[in-house]
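So the structure is just underneath, and the comments pick up after that.
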Amino acid sequence: MTREEKIETIADILELEEEEVKEDIVLDEVEAWDSVAVLSVISVINEKFDRFPLAEEIRAYKTVRDLMQAFE
């Protein structure tokens, strides 16, 4: 997954414009970071990387940078 694909995916999940996605954004400060967003992250990781992370693992992520690293 390229950096651009990660940003596009995260923008969709967090309901932001791609240019608003910065690696230092704190997820808990984003209104759209909720249980649906966590499920979306799990779905993307499962689809793209054939892994099924637990919701607790995703909820432990603090920043967009953490999410980007999860998409590797």
Side-chain angles (χ1 to χ4, degrees):
M1 188 174 228
T2 67
R3 185 175 195 287
E4 291 76 24
E5 289 172 326
K6 292 176 187 180
I7 289 173
E8 181 180 337
T9 300
I10 291 169
D12 287 343
I13 290 170
L14 298 181
E15 300 175 5
L16 300 171
E17 297 296 322
E18 288 180 35
E19 52 274 353
E20 294 177 296
V21 176
K22 306 292 183 220
E23 291 186 26
D24 61 345
I25 290 175
V26 176
L27 294 171
D28 284 337
E29 295 176 3
V30 178
E31 186 176 332
W33 183 244
D34 57 13
S35 59
V36 174
V38 170
L39 290 174
S40 296
V41 171
I42 292 170
S43 176
V44 169
I45 292 173
N46 189 4
E47 179 181 314
K48 300 282 185 183
F49 305 105
D50 200 29
R51 290 189 290 123
F52 197 83
L54 298 175
E56 293 82 22
E57 176 186 340
I58 305 303
R59 289 302 257 167
Y61 298 154
K62 300 297 181 199
T63 65
V64 167
R65 180 178 296 109
D66 297 336
L67 275 183
M68 291 181 77
Q69 291 173 350
F71 294 148
E72 295 179 351

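Side chains included, hydrogens not; waters and symmetry mates left out as well; all remaining heavy atoms used.
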Validation: residues 25-44 side-chain donor-acceptor distances under 3.5 Å, sequence neighbours left out:
residue : atom : partner : partner atom : Å
Asp34   : OD1  : Val36   : N            : 3.1
Asp34   : OD1  : Ala37   : N            : 3.0
Ser40   : OG   : Val36   : O            : 3.0

Determine whether Leu14 and Val21 make a side-chain contact, defined as any pair of heavy atoms from C-beta on separated by less than 4.5 Å. no

Taking C-beta and beyond as the side chain, do Thr63 and Asp66 meet within less than 4.5 Å on heavy atoms? yes

Rounded distance [0.5 Å steps], CD1 in Ile45 versus CG in Leu67: 7.5 Å

Does CG belonging to Asp24 count more than 12 external heavy atoms closer than 6.0 Å? yes

What donor-acceptor contacts under 3.5 angstrom involve side-chain atoms of residues 51-59, with partners at least two apart or in another chain?
residue : atom : partner : partner atom : Å
Arg51   : NH2  : Ala70   : O            : 2.9
Glu57   : OE2  : Tyr61   : OH           : 3.2

Which residue pairs pass the salt bridge (Lys or Arg N to Asp or Glu O under 4.0 Å) test when at least one of the two sits in residues 5-18, sequence neighbours left out? Lys6-Glu72

So which atom in Met68 and which in Ile10 form the shortest heavy-atom distance, rounded to 0.1 Å? CG-CD1, 3.4 Å

Heavy-atom pair of closest approach, residues Phe71 and Phe49: O-CZ, 3.1 Å

Under the salt bridge (charged side-chain N to carboxylate O under 4.0 Å, His left out) test, residues paired with Arg3 that sit two or more places apart: Glu23

